[in-house]
Amino acid sequence: MLDIQQLRNDLDGVAARLAQRGFALDTAAFAALEHERKALQTRTQDLQAERNAKSKAIGQAKSRGEDVAPIMASVANLGDELKAAEQSLAALQDKLNDMLLHIPNLPHESVPVGKDESGNVELLRWGTPRAFDFEVKDHVDIGTPLGLDFETGAKLSGARFTVLKGQIAKLHRALAQFMIDTQTEVHGYTEVYTPYIVNPEVLFGTGQLPKFADDMFRVERGGEDGQTQYLISTSEISLTNTVRDSVLKADELPIRLTAHSPCFRSEAGSYGRDTRGLIRQHQFDKVEMVQIVAPEQSYQALDQMRGHAEAILQKLELPYRVVTLCTGDMGFGATKTYDLEVWLPAQNTYREISSVSNCEAFQARRMQTRVKNEAGKNELVHTLNGSGLAVGRTLVAVLENYQNADGTVTIPQVLRPYMGGVDKLA
RNA sequence: GGAGAAGUGGCCGAGUGGUCGAAGGCACUCCCCUGCUAAGGGAGCAUACGGGCAUAAACCUGUAUCGAGGGUUCGAAUCCCUCCUUCUCCGCCA
């Protein structure tokens with residue numbers, strides 16, 4: 001959520017920056033709502049002040065034993081007027097708030113301006129794609145004989161669900177273990193196990209609601225009528241919200257959290273895209289990194305976090321490139337995002353495997369997460385998140401990049417301790 | 001699932017209808033005194049939002065907030081209803 005003060009002070013400037021990311025801010029509607037709000041709020045507060053003053057006077061008069069009937073009479077018809085004013089003010093503020101909740105974050109000034117994915121800027125490439133002396137297969141063809149089972153997945157749960165069996169299931173687990181061990185032991189993150197089902201207000205905090213409800217899985221509790229809850233679409237949600245509604249001490253920052261969790265996405269808007277294989281699933285595992293930092297440190301943290309994600313690919317010796325997303329391709333809450341794209345030989349291209357973003361105070365404002373700074377003032381923290389990495393897509397990359405002509409797959413060195421010393425999937 | 005108790009500022013804790021945004025204590029900040037690793041005196045010390053205000057800070061002023069949401073009342077931390085959370089006992093369970 002943007003700072004409403006900023007919109008009040010510089011509406012056109014904000015609108016211009018939002019336009020860079022393809023969001024048309026209805027400035028006239030905002031200005032009209034604000035104008036009305038100001039008048040209504042002033043009036044409501046005046047009425048409240050009058051009521052308070054008179055009520056106080058009644059109390060004082062009573063304690064002196066005076067007759068309170070005259071004051072009581074003067075306050076008689078205040079009630080209805082005040083109630084009406086309070087109600088319309090509340091309705092108006094709901095409207096304003098709802099508008100605010102639907103506005104995406106402002107892009108950072110260093111972000112390239114562009115319309116869509118074609119405007120992204122490549123920052124660097126690491127590693128050299130391997131030259132194959134045989135015809136490369138994609139991960140579906142390599143993996144199916146080794147335990148990748150799309151048919152059974154579909155039988156149980158429909159399209160975009162997959163069963164992993166045997167050595168492939170173990171490799172998947174090994175990847176997750178390796179990732180979370182690296183993030184905790186080498187990069188200093190605290191491992192967290194979180195709920196996978198969360199309350200709606202948590203999703204408002206990180207920005208999935210109200211705008212992206214269609215991307216989520218909703219759940220209802222059996223046996224009783226309860227509040228609707230949601231399956232997390234990333235553990236960024238649960239990790240970031242661990243600090244919601246709190247004032248942190250300056251020396252608690254930075255907070256670095258990581259979790260290995262499943263992620264559930266309805267993929268409502270992507271029918272027909274990436275239908276083959278593991279690339280786009282309703283359920284996939286991810287090791288997520290989250291940092292809660294002091295505002296002045298968030299861009300330094302962003303670069304550092306990108307390094308923490310890159311380190312995983314480097315240790316796995318998977319070629320990748322880093323792109324800076326342009327204004328038009330960034331997510332709703334981000335001011336700046338780097339995508340890590342891993343080389344997939346069968347597609348002969350780089351595919352997203354990690355996304356690292358700074359949200360500045362956008363989520364913190366929604367979550368009411370603040371830090372008491374050196375001046376003793378509460379200020380909103382900055383939040384960052386990044387994948388370190390998406391486990392399913394990493395499995396895809398390992399299968400494809402490490403495939404052999406005979407249909408076996410070599411296990412990357414760093415994973416062998418997690419695979420009981422096995423060096424090959426056969 | 002059943003029975004009971006409780007939720008007040010950074011922390012502890014008083015407060016059962018009126019000058020209570022809230023005693024007292026702890027912690028913290030500043031000043032004075034003292035002169036030594038301690039004590040004494042004084043002051044300050046919640047958050048959000050609005051208005052003054054034309055940008056920021058400061059300041060003044062108003063409003064809201066005592067787990068959350070409703071209600072009663074001229075007036076609610078206090079009374080009523082619903083919900084949430086925590087604790088104790090019983091039951092069940094991995």
Side-chain angles (χ1 to χ4, degrees), chain A residues 1-14 30-31 33-101 193 195-202 204-205 220-229 241-253 295-296 361 364-381:
Chain A
M1 189 156 70
L2 297 181
D3 184 358
I4 195 166
Q5 302 286 2
Q6 196 178 359
L7 278 115
R8 286 173 186 154
N9 295 335
D10 183 23
L11 187 55
D12 292 334
V14 170
F30 178 83
L33 280 176
E34 251 301 289
H35 182 74
E36 204 184 330
R37 185 227 101 229
K38 198 161 165 173
L40 200 48
Q41 181 163 357
T42 307
R43 197 176 118 65
T44 305
Q45 293 191 347
D46 284 348
L47 288 170
Q48 286 170 329
E50 187 184 344
R51 180 207 57 198
N52 289 348
K54 287 192 169 154
S55 293
K56 200 174 235 183
I58 291 172
Q60 288 169 340
K62 264 194 169 167
S63 70
R64 287 192 301 263
E66 295 169 7
D67 178 20
V68 295
I71 322 183
M72 293 283 267
S74 76
V75 87
N77 48 7
L78 202 62
D80 290 344
E81 204 183 344
L82 177 57
K83 195 167 221 173
E86 280 175 341
Q87 279 172 356
S88 35
L89 178 62
L92 192 63
Q93 267 166 343
D94 280 352
K95 234 189 211 172
L96 253 178
N97 197 40
D98 190 62
M99 187 174 182
L100 231 46
L101 285 171
Y193 172 81
Y196 303 148
I197 296 175
V198 295
N199 294 330
E201 59 268 26
V202 166
F204 276 92
E220 272 165 38
R221 210 176 292 194
E224 52 187 289
D225 293 329
Q227 189 187 38
T228 297
Q229 295 182 304
N241 276 283
T242 56
V243 295
R244 68 178 290 113
D245 292 320
S246 55
V247 180
L248 304 164
K249 297 190 185 87
D251 62 12
E252 291 179 78
L253 301 182
E296 58 276 13
R365 189 172 292 110
R366 289 165 167 243
M367 296 191 300
Q368 280 306 299
T369 304
R370 291 160 296 170
V371 59
K372 203 170 270 298
N373 65 21
E374 282 177 21
K377 294 283 282 181
N378 290 343
E379 66 181 328
L380 295 166
V381 298

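Here is the naming used below: chain letters follow the sequence lines, and residue numbers restart at 1 for every chain.
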message: Can you tell me how far apart CG (A:Leu47) and CG (A:Asn52) are? Round to the nearest 0.5 Å.
response: 11.0 Å
message: Roughly how many Å apart are B:A46 and B:A22, using the C1' atom of each and rounding to a whole number?
response: 11 Å
message: Can you check the distance between B:C28 and B:A39, where both ends of the measurement are the P atom (answer in whole Å)?
response: 11 Å
message: Give me the atom names and distance for the closest heavy-atom approach of A:Met99 to A:Leu33.
response: SD-CD1, 4.0 Å
Contacts under 3.5 Å, N or O only, protein and nucleotides 52-59 of chain B:
from  : atom 1 : to     : atom 2 : distance (Å)
B:A56 : OP1    : A:Asn9 : ND2    : 3.3

A:Lys372 side, atom NZ; A:Leu248 side, atom CG - distance, nearest 0.5 Å: 11.5 Å
task: Could you tell me the separation between the CD atom of A:Gln60 and the OG atom of A:Ser55, rounded to the nearest 0.5 Å?
output: 11.0 Å
task: Quote, to the nearest angstrom, the C1' distance that separates B:A64 from B:U55.
output: 27 Å
- request: In whole angstrom, give the distance that lies between atom CG of A:Asp245 and atom P of B:U47.
  value: 16 Å
query: Between A:Asp67 (side chain) and A:Ala69 (backbone), is there a donor-acceptor pair under 3.5 Å?
result: yes
field: Least distance between heavy atoms, A:Arg51 atom then A:Leu82 atom
entry: NH1-CD2, 3.4 Å
message: Nearest 0.5 angstrom please: A:Leu7 CG to A:Phe30 CZ, how far?
response: 4.5 Å
- request: Measure from CG on A:Leu40 to C1' on B:C49 and round the result to the nearest Å.
  value: 14 Å
statement: Winner on side-chain proximity to A:Thr42, out of B:A48, B:G51, B:U72, is B:G51
query: Under 4.0 Å: is that the gap between some side-chain N or O of A:Arg37 and OP1 or OP2 of B:C49?
result: no
- request: Provide the distance between the two P atoms, one in B:A58 and one in B:U47, to the nearest whole Å.
  value: 12 Å
message: Can you give me the closest heavy-atom contact between A:Ile58 and A:Met72, atom names plus distance?
response: CD1-SD, 3.5 Å
message: Whole angstroms only, please: what is the CG-C1' distance between A:Asn199 and B:A68?
response: 13 Å
task: Determine the interatomic distance between C1' on B:G42 and the same-named atom on B:C33; round to the nearest Å.
output: 11 Å
field: C1' spacing across the pair B:A77 / B:A23, given as an integer number of angstrom
entry: 14 Å
- prompt: Could you give the NZ-to-P distance, from A:Lys372 to B:U29, as a whole number of Å?
  reply: 13 Å
- request: Determine the minimum heavy-atom distance between A:Ile71 and A:Ala61, stating which atoms define it.
  value: CD1-CB, 4.4 Å
Table of protein N/O atoms under 3.5 Å from nucleotides 17-20 of chain B N/O atoms:
from  : atom 1 : to      : atom 2 : distance (Å)
B:G18 : O6     : A:Lys62 : NZ     : 2.7
B:G18 : N2     : A:Ser55 : O      : 2.8

field: Canonical and wobble pairing (Watson-Crick, G-U, under 3.5 Å) of RNA chain B, dot-bracket with |
entry: ((((((((.[[[..)..(.....]]].(((((.......))))).(((((((......))))))).[[[[[..)....]]]]])))))))....
message: Can you measure A:Arg365 atom CZ to B:U47 atom P for me and round it to whole angstrom units?
response: 18 Å
query: Starting at CD of A:Gln368 and ending at C1' of B:A46, how long is that distance when rounded to a whole Å?
result: 14 Å
query: Taking atom C1' in both B:C87 and B:G15, what distance in whole Å separates the two?
result: 23 Å
What donor-acceptor contacts under 3.5 angstrom involve side-chain atoms of residues 86-97 of chain A, with partners at least two apart or in another chain?
from    : atom 1 : to      : atom 2 : distance (Å)
A:Glu86 : OE2    : A:Gln48 : NE2    : 2.9
A:Ser88 : OG     : A:Ala84 : O      : 2.8
A:Ser88 : OG     : A:Ala85 : O      : 3.3

- request: Determine, stepwise, if the pair A:Asn241 / A:Val198 fulfils side-chain contact (heavy atoms from CB on, under 4.5 Å).
  value: CA-CA 10 Å; A:Asn241 276 283; A:Val198 295; over 6 Å; no
Only distances under 3.5 Å count here; give the side-chain donor-acceptor pairs of residues 38-45 of chain A to other protein atoms, sequence neighbours excluded, each with its distance to 0.1 Å.
from    : atom 1 : to      : atom 2 : distance (Å)
A:Gln41 : OE1    : A:Arg37 : NE     : 3.0
A:Thr42 : OG1    : A:Lys38 : O      : 2.7
A:Thr44 : OG1    : A:Leu40 : O      : 2.6

Spacing between A:Asp3 atom CG and B:C49 atom C1', to the nearest angstrom: 12 Å
statement: Rounding to 0.5 Å, atoms CG (A:Leu380) and CZ (A:Arg370) come to a distance of 7.0 Å
Protein-nucleotide distance (A:Asp251, atom CG; B:G10, atom C1'), rounded to Å: 13 Å
field: Distance between C1' atoms of B:C79 and B:G25 (Å, rounded)
entry: 30 Å
Below 3.5 Å between N/O atoms, which protein atoms pair up with nucleotides 63-67 of chain B? Just atom names and distances, please.
from  : atom 1 : to      : atom 2 : distance (Å)
B:U63 : OP1    : A:Asn52 : ND2    : 3.2
B:U63 : O3'    : A:Gln48 : OE1    : 3.2
B:U63 : O2'    : A:Gln48 : OE1    : 2.7
B:A64 : OP1    : A:Arg51 : NH2    : 2.8
B:A64 : OP2    : A:Asn52 : ND2    : 3.3

query: In Å and rounded to the nearest 0.5 Å, what is the CZ to CG distance from A:Arg365 to A:Leu2?
result: 7.0 Å
query: Can any side-chain N or O of A:Arg366 pair as donor or acceptor with the backbone N or O of A:Leu101 at less than 3.5 Å?
result: yes
